[in-house]
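Inspection log for the structure reproduced underneath, given as structure tokens.
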2 protein chains.
Amino acid sequence: MNQSKRFLDIVKDIRDMIRREKIKPGNRIPSERELAEKLQVGRSTLREALRSLELLGLIETRRGEGTFLSDHRNHQLVEVLSTFILQDKQSQEDVWGTRLIHEVSAIQTICQNSKLASLKVWDSFRNRLNENESFYREDFVRELMVLSGNRLSLKIWFLLQQYSGNPYQEPVTATEKEMLLPLLAALEQQDMSSAIDLFKTWSCWIQKGRMQNGNDSRDL
Amino acid sequence: MNQSKRFLDIVKDIRDMIRREKIKPGNRIPSERELAEKLQVGRSTLREALRSLELLGLIETRRGEGTFLSDHRNHQLVEVLSTFILQDKQSQEDVWGTRLIHEVSAIQTICQNSKLASLKVWDSFRNRLNENESFYREDFVRELMVLSGNRLSLKIWFLLQQYSGNPYQEPVTATEKEMLLPLLAALEQQDMSSAIDLFKTWSCWIQKGRMQNGNDSRDL
DNA sequence: AAATATGAGTGGCCAGACCACTTTCAAATT
DNA sequence: AATTTGAAAGTGGTCTGGCCACTCATATTT
């Protein structure tokens, strides 16, 4: 009858216990030996459940200290999943396009939010452009992503960035810097359609340099 | 020194092995004892990694048979995550919002591509609406995602769907079906802005029902 | 009072042992 | 000859007990 896997039951039991005992994020949960005793299971089986929850980012373990309910704001599972999602060689276009999806969406969000658009960040960008320091597209876009406020979208974007073969490694040129000024103005005025158009044009312009196809990501 | 957890390395090793050996979904991966031997780790430690991957729905184990690469159609993900992760309002909104990002983007792509817009799928949708059968939002959106042609975006969307606690598990009502007709027309005519507006309105309308368990968690 | 050593508690990892189940294939039966 | 049966091998599922590395509070020494 009860064919369900043991460790899945344990996952459920732990969840119930956490709820029952009203354990809050950051709090410590009982030790492995204690839990195994209480749930009447072997410690290794219990550990399988705990490790699963850890991989999901639901709990956090510190050797010598204990196991703690995680502040699940770290979507660690996205990392793990991404390595599997991208296991087959996706076309670079899909990665690139999906990244752009998140970027454009962030711009939309920013334009729709007057509080964001009225910030002084645009002036700060202009200052950075005027200075002769290196200016990277990724830095600029990342700040846009952060401004949009969707942390999950930011996380996904960041992952895609690492997988997209780094088309934007080099700093933007003087010409590309000038192209950015109208975009900043559009953002400031919450002119969404112009902002998106300008952004896409700018991105495609810069993208010209991404020719490497030998993508042997050896990272995590 | 060795800060990284062993079982996380194993997760990575297994992924690499799957990629290296070109194991396809549905195929069998080496037995636990074999893997433990090959990776030079204890079997219980290896199992911690395997169980984690199983909870994620990436692999599937059958007692007496072996372990198999899964066909991304997992179920328990929903339960676990919705009871753990989605207690946080912000995360919930992020998942929901990120999903919408991909959905809207798909609509944009479809509207920009005349070949897609001229297809007969719209008529097929209308037929399905007229019939008295159940019509689910997810099915409709999934087809849109497929039509857009970005497989990576589709995969991400599919994952987010599982994570988002199923706000759309019920079939759309008659009223909601009627709201869909103008959207189909807009898609057919490649009227992007209308299509997006109608889609968002429609989605928000349907979403009304997903206000169940009141969550405290006003922490931070 | 400060620095140090100790010990209890914790997670990390492993080896070995059963058990339950599935598949296989050869022996036994028909 | 065809079928049935059953033993063996292989697999995941679980438990026990042990050892290590690390943290922290406490006791001890300086």
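Because the structure is predicted, anything quoted here is derived from the model rather than measured. Letters A, B, ... are given to chains in the order of the sequence lines, protein chains preceding strands, and every chain is numbered from 1.
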Whole Å only: how far is the CG atom of A:L55 from the C1' atom of C:dG11? 17 Å
Spacing between A:E60 atom CD and D:dC22 atom P, to the nearest angstrom: 18 Å
Between the side chains of B:R137 and B:S203, is a donor N or O closer than 3.5 angstrom to an acceptor N or O? yes
Which listed nucleotide (D:dA21, C:dT10, C:dC21) is nearest to the side chain of B:R63? C:dC21
Atom-pair distance (CD1 on B:I29; P on D:dT11), nearest Å: 12 Å
How many Å lie between CG on B:D9 and P on C:dG12, as a whole number? 13 Å
Counting only heavy atoms from other residues, nucleotides and ligands, does the tally under 6.0 Å from CD of A:E37 exceed 12? no
Partners passing side-chain contact (heavy atoms from CB on, under 4.5 Å) against B:V104 (at least two apart in sequence or in another chain): B:L100, B:Q108, B:I196, B:F199, B:K200
Just to confirm, is there a sub-4.0 Å distance from OP1 or OP2 of D:dG13 to any side-chain nitrogen or oxygen of B:T61? yes
On a heavy-atom basis, which atom in B:R28 and which in B:E65 lie closest, and how many Å separate them? NE-O, 3.2 Å
Within 45 degrees of the ring normal and closer than 6.0 Å to the centroid, is that where the cationic atom of A:R62 sits relative to A:F68? yes
Which residue, B:G64 or A:G64, contacts DNA chain C at a nucleotide closer to its 5' end, judged by nearest heavy atom? A:G64
Considering only heavy atoms, which members of residues 40-52 of chain B lie under 4.0 Å from some atom of DNA chain D? B:R43, B:R47, B:R51
Please report the distance, rounded to the nearest Å, between CD in A:E34 and C1' in C:dG11. 14 Å
For side-chain hydrogen bond (donor to acceptor under 3.5 Å, both in side chains), just list the numbers for B:N150 and A:T98, CA-CA rounded to whole Å, side-chain angles, deciding distance to a tenth of an Å, and then say yes or no. CA-CA 8 Å; B:N150 186 330; A:T98 307; 3.0 Å; yes
In this structure, how many angstroms lie between the C1' atom of D:dG12 and the CG atom of B:L53, rounded? 15 Å
Send over the distance from B:E54 CD to D:dT11 P, rounded to a whole Å. 17 Å
Does D:dG12 have OP1 or OP2 sitting under 4.0 Å from an N or O in the side chain of B:T67? yes
Whichever of A:R33 and B:E65 has its nearest DNA chain C nucleotide further upstream toward 5': A:R33
Minimum-distance nucleotide (side-chain atoms of B:E32 versus D:dG13, C:dT22, C:dT10): D:dG13
Would you call the rings of B:F140 and B:W202 parallel, tilted or perpendicular, taking 30° and 60° as the class edges? perpendicular
